[in-house]
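Notes for the one structure printed next.
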Amino acid sequence: MPFLRSVCIAILIVATTFAAERNGFLSHLNASLEDVRSANAVRDASGQFVFVAIDAKSLQSVGAWPWSRQVYADILDQLTDSGALDVFFDIDFAFPADAAGDRAFAEALEKSGNAYLAVFQQPESVDGAGLQTNRPQPLFATQGWPVLANVFSDQRGLVRFYPFGRQIEGQFLPSAAALLSGRFSQSEETFRINFAIRPDTVPTYSASDVAAGLVPGAVFEGRSVIIGASAIELGDLFAVPVHGIVPGALVHTLAAETIAGGIIPVELRATWVFVSLFGVLLLLQTSPLQNPRRTLTAAGGTLIATEAGAFAMFLHGSIVVPTAAFYPALAVHAGWYVIRQLTRDYWIIRRQRREVESTTGLLQQVFADSSDAIVVLEASGATRICSQSAVRLFGLDPEGNITLPDELWREINAVRDGEWQRSLQSRFVNCAGHRRHLEYTLTPSQTVEIDGGEERSTQIITLSARDVTTIKEQERRIAQLSNFDELTGAMRRNRFLGSVERRLKTRDALAIFVFNLSQFKAINVVLGRDVGDEVLRHVVKRIDEAELDVTDVARLGGDTFACCAIGPMDHAQTLERARKIVATISTTYDLETAKAQVGARIGFVTIRPEEALSPADALSRAEEALDQSRSLKDGKPQHYDPVQSKRQFRFRQIERSLSGALDRGEFQVWYQPQHRISDGQLIGSEALVRWNTTSMGRVSPDEFIQIAESTGFIRDVGRFVLEQAVEDALAMPQELSVAVNVSGAQLMGGDVCDDVRRVLREKRFPASRLCLELTESVLLDGSPDLEETMRDIQFLGVGWALDDFGTGYSSMAYLTQLPLEKIKLDKSFVMSLGQSRAAEPIVSAVHDLCKRLGMKLLCEGVETEAQLAFLQANGCDEVQGYLFGKPMCLTDFQRYVLAHTKEKEAARVVGQ
Ligand code: C2E
Ligand code: CA
Ligand code: CA
């Protein structure tokens, strides 16, 4: 698109210039340019043409004008004698003068034979109508050659062109110059006289000197001589380019020189000029030149180059290049471009100014309305500009300068002197008499200002400040709330941990105490929450105020607190401190509305910095110690015990895993065979639960049953084992019984009886095949309901066995009270047979006891034939142990049953 536009513009300019040229508007300029080139391309005349001038001196020495033609005769004779090539008289010989002179001249002409006489054409009258031809009078005309001696001026009255000849009265007359230069042709055309030839280099002699024979003949020999008037009073003068006014004869001379020298100026065809002009215009519009100064320079440069080229062509080839068209064209182009650029600049500047105005307005608005206080200060400290909020924050002095606090001035001066790094500062300063917390930055910068047309760089310092007093206050409050308990003012857990961390960092040995109020819930319930809250406040206050040498009292939650004692302490000292804490707390609280008393359990841990224990771990150890204390009946202060802690950890892990283990199907029931000792008969099995967890692998019942009992989960497990054992027993021979373990916790719950009844009914299982084993430890926790529940179950037809007899604290009284039909002697006795001397009498005594009470005796843990033999010899009824089989899964047990039945069958066959 821009290229097309460039082409159009170039075409337009070229077309316009072309039209101007065609209409002659550029001819003057072209002529002037040509003249300038001629004036500078000066060259000397060839010397081939000699001018004999009828000058003032000649007029003076010869006298009265017109001269007798005797003078011309003398001159011609002299020239003829000198061997001049030809002679041209630029003198009007139309009319006769004195007869003697005329004759002499006619004779001289005849003698010469090479003399040309001027023929003029001139207007007949002043008004210019009609032409009259002045020819030499016949007397001369017969002796000399007529030549055209007319010289023509152009519109500006300058002689530029010269004819080759002209048709006069039906006869072609060659021009004087054409004849003298020997280039005679029949052409009526004119040609340019080359005015680079300096007229003053044409050899010139006074006519009178020549007539008097004062000029040596050699100067004329072989030359063409032109004789004509040069004296001003003779009026034969013409205006020519470059040289001003010159005698007509010199015009002929220069014309002759032009032809003879072959330097006729020839004008170059305008087409070439315009084509190159077009090219130049296109070139000027290329993008590197799209800038007013460059455009003007390029246009000027083009003109200079064009002129230099034109001059060179004139100098070396006499070619006249009409370069005038370049001037208006380039002027128009440059002018157009500059105007266009200026206009564009004007609009751009106008738009930018508007934008700047609107942006400035906007910025001023933003600046004024900014919630941050912004102050721009000069290096002198004077306020250049400031926001409304700055005025509100700092205030103004009577001179309108912002009144900044001294500490800010100090920093501003440091910034100005380059001694202070800019960064966000946050601090309290005194603002107009108030203490405010400011966040601020000080930024030095340089601005450029125009002062009297000169750019000047000045330093300014910008203060941008924000009043964060309220925010900081809120932050402080939030921190306070998150760090301290609102009710008691004691630290919160995080703050406490932070404090412990700091102390450990300062390499202090310390003890952490964690205590929990006992009977506090009762206070809340009985005396109300307000009293409870007051007790909590007093607890903290007492610990703070009593001389316990502890610090950092924290409320960890509810009625659990912590505190620290700093410095190295041995176990006894720490224990003493813990006891004191408990004693302090346990003293009666004399409150406004009531008296209250609480106790406390306390756990503690001592930490040495080199242990590299994290504060959280340290606190949790103290909490574990508290847990230990709480699990104890006497509730003594507990020091953190790693073994106990490990156990507790395992306990918690199992406790967590137990919930949901049934739903995940992690439990299985395995069976261990029980045999009659008298004939080795398989009589049944004991159902033993197995737990395969995903996280801990297989966990022994010895470990998890106790935990399940403590959490009450044992009831669900017990129900599962009962149902599964009965279900599995249905698939076994009817003579086989199944023994299911029942935990004391199950019996306490009181729904075992319902479970047993429901299962027997639902599965249609004969009660006589079911035996329940009661672990002895239950007896210690025994309650009156226990016996009743057992009897209810016995009433259903289910037998009871007392498990693990001989361990724990058995009471003989229970043996008689409870509805037992079997005693299971603990495996420890059987296993110590042959090792401990006490084992054998005990086994015998238990056997006697059973016999007397009408109970059966089952011995557990039979592993060897020797043990079996002993038990057999001592009247034991039933046995169970690895000697017969380990607990096995149902499939294995069924296989076992099958194998045993076959064995029995075989024995029977052998027996028969
Ligand atoms: P327990 O009732 O005395 O069960 C007998 C335990 O002795 C079983 O351990 C068994 O594997 C092991 N045992 C049997 N014969 C021998 C032997 O010849 N040598 C040795 N060293 N050990 C033998 P288990 O299965 O680990 O059971 C441990 C305890 O867990 C049981 O002792 C019982 O008190 C309890 N328990 C097991 N299953 C249940 C259940 O379903 N409910 C309840 N409440 N308790 C169960
Ligand atoms: Ca058992
Ligand atoms: Ca047992």
Side-chain angles (χ1 to χ4, degrees), residues 654 658 661-662 666-675 684-692 698-729 737-749 752 755-756 759 770-779 781 799-808 810 820 822-833 835 846 857-868 870-871 876 878-890 892-893 896:
I654 292 175
L658 273 176
L662 268 175
E666 289 175 357
F667 290 111
Q668 272 188 338
V669 180
W670 284 23
Y671 299 93
Q672 187 177 26
Q674 295 179 333
H675 286 262
S685 63
E686 179 180 357
L688 293 160
V689 72
R690 291 290 175 264
W691 183 27
N692 250 323
R698 177 169 285 201
V699 182
S700 153
D702 275 333
E703 200 175 7
F704 76 82
I705 289 292
Q706 203 188 359
I707 297 167
E709 280 175 348
S710 72
T711 61
F713 186 69
I714 190 67
R715 291 189 205 125
D716 298 331
V717 184
R719 194 176 297 121
F720 164 77
V721 176
L722 177 69
E723 285 177 1
Q724 193 64 52
V726 168
E727 169 101 39
D728 291 347
S737 64
V738 65
V740 173
N741 291 283
V742 172
S743 151
Q746 280 169 271
L747 280 173
M748 300 301 193
V752 184
D755 285 342
V756 173
V759 171
L770 182 64
C771 176
L772 297 184
E773 294 185 6
L774 177 69
T775 51
E776 201 192 6
S777 64
V778 155
L779 298 178
D781 296 322
W800 279 103
L802 184 63
D803 204 356
D804 301 338
F805 185 76
T807 60
S810 57
L820 303 168
K822 193 187 282 182
I823 282 179
K824 289 186 80 173
L825 185 64
D826 191 71
K827 57 180 177 278
S828 55
F829 293 101
V830 179
M831 289 164 102
S832 58
L833 283 173
Q835 279 153 28
V846 174
L857 174 64
L858 185 147
C859 290
E860 293 186 281
V862 182
E863 292 184 1
T864 61
E865 291 286 351
Q867 289 165 347
L868 180 63
F870 175 83
L871 295 173
C876 172
E878 293 163 3
V879 279
Q880 177 183 345
Y882 290 175
L883 181 64
F884 304 95
K886 288 189 174 180
M888 53 196 100
C889 68
L890 177 65
D892 288 348
F893 185 65
Y896 182 90

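As the structure lists them, so they are numbered: ligands from 1, and atoms in each ligand from 1.
The shell of residues lying under 4.0 angstrom from ligand 1, judged by heavy atoms, includes Arg690. The closest approach between Glu860 and ligand 1 falls below 4.0 Å for a heavy atom of the residue. Heavy-atom distances between Lys824 and ligand 1 stay at or above 4.0 Å for every pair. The shortest heavy-atom distance from Glu709 to ligand 1 is not under 4.0 Å. Pro887 counts as a contact of ligand 1, since one of its heavy atoms falls under 4.0 Å from the ligand.
Ring-plane geometry between His675 and Tyr896 is classed as perpendicular, the angle between the planes exceeding 60 degrees on a 0 to 90 degree scale with a lower cut at 30.
Here the options are Asp803, Leu871, Leu857, Val879, the test is side chain to side chain contact (heavy atoms under 4.5 Å, CB included), and the partner is Leu825; only Leu857 passes. Among the candidates Lys886, Lys824, Lys822, the single residue satisfying the salt bridge (charged side-chain N to carboxylate O under 4.0 Å, His left out) test with Glu686 is Lys824.
For atom 9 (O) of ligand 1, no protein heavy-atom neighbour is present inside the 4.0 Å cut-off. The nearest protein heavy atom to atom 32 (O) of ligand 1 is not closer than 4.0 Å.
Here CG of Asn692 is found 10.5 Å from CZ of Phe667. Values are rounded to the nearest 0.5 Å. With rounding to the nearest 0.5 Å, the separation of CZ in Arg715 from CD in Glu709 is 11.0 Å.
Among protein heavy atoms, atom 37 (C) of ligand 1 sits closest to Leu688 CD2, 3.6 Å. Of the protein's non-hydrogen atoms, the one nearest atom 21 (N) of ligand 1 is Glu863 OE2, 3.2 Å. Ranking the protein heavy atoms by distance from atom 13 (N) of ligand 1 puts Tyr882 CE2, 3.8 Å first. The protein non-hydrogen atom at the shortest distance from atom 38 (N) of ligand 1 is Val689 N, 3.2 Å. For atom 27 (O) of ligand 1, the closest non-hydrogen atom of the protein is Pro701 CG, 3.9 Å. In terms of protein heavy-atom proximity, atom 7 (O) of ligand 1 is closest to Lys827 NZ, 3.0 Å. Scanning all protein heavy atoms for the shortest distance to atom 34 (O) of ligand 1 gives Thr775 CG2, 3.9 Å. Protein heavy atom in closest approach to atom 15 (N) of ligand 1: Gln672 NE2, 2.8 Å.
Between the side chain of Glu703 and the backbone N or O of Ser700, no donor-acceptor pair lies under 3.5 Å. In this structure, the side chain of Glu727 does not engage the main chain of Glu723 through any donor-acceptor pair within 3.5 Å. Checking side-chain atoms of Asn741 against main-chain N and O of Ala687 turns up a donor-acceptor pair under 3.5 Å.
Those atoms of ligand 1 that come under 4.0 Å of a heavy atom in Gly861, given as number and element, are 16 (C), 17 (C), 18 (O). Heavy-atom contacts of Met831 reach the following atoms of ligand 1: 21 (N) (cutoff under 4.0 Å). Every atom of ligand 1 with a heavy atom of Val862 under 4.0 Å away is listed here by number and element: 18 (O). Heavy-atom proximity to Gly881, at under 4.0 Å, picks out these atoms of ligand 1: 15 (N), 18 (O). Close contacts of ligand 1 with Val721, meaning ligand atoms under 4.0 Å from a residue heavy atom, involve 41 (O). Short contacts between ligand 1 and Ser743, defined as distances under 4.0 Å to a heavy atom of the residue, involve ligand atoms 44 (N).
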| request: May I have the step-by-step check of side-chain contact (heavy atoms from CB on, under 4.5 Å) for Val689 and Phe704, ending in yes or no? | output: CA-CA 10 Å; Val689 72; Phe704 76 82; 3.6 Å; yes

| request: Decide side-chain contact (heavy atoms from CB on, under 4.5 Å) for Phe720 and Val669; before the verdict, give the C-alpha distance in whole Å, the side-chain angles of both, and the deciding distance to 0.1 Å. | output: CA-CA 9 Å; Phe720 164 77; Val669 180; 3.9 Å; yes

| Which is it for Phe884 and Leu868 under the side-chain contact (heavy atoms from CB on, under 4.5 Å) test, yes or no, and what are the steps along the way? | CA-CA 10 Å; Phe884 304 95; Leu868 180 63; 3.8 Å; yes

| task | Take Asp804 and Glu860 through the test side-chain contact (heavy atoms from CB on, under 4.5 Å) and record every step on the way to the result. | result | CA-CA 8 Å; Asp804 301 338; Glu860 293 186 281; 3.4 Å; yes

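With the Ca ion (ligand 2) at the apex, Glu686 OE2 and Asn741 OD1 define an angle of roughly 90° (rounded to 10 degrees). Seen from the Ca ion (ligand 3), atom OD1 of Asp803 and atom OD1 of Asp804 lie 90° apart in angle, a value rounded to 10°.
Looking at Asp803 against ligand 1, only its side chain comes within 4.0 Å, counting heavy atoms. Only the side chain of Asp804 comes within 4.0 Å of ligand 1, judged by heavy-atom distances.
Within the coordination shell of the Ca ion (ligand 3), defined by N, O or S atoms under 3.0 Å, Glu860 is present.
Looking at Thr864, Asp702, Asn741, Leu774, it is Asn741 that brings a heavy atom closest to atom 45 (N) of ligand 1.
No other N/O/S atom of Glu773 lies as close to the Ca ion (ligand 2) as OE1 does.
Counting heavy-atom neighbours within 6.0 Å of Gln706 CD, excluding the residue itself, gives a total of 12 or less.
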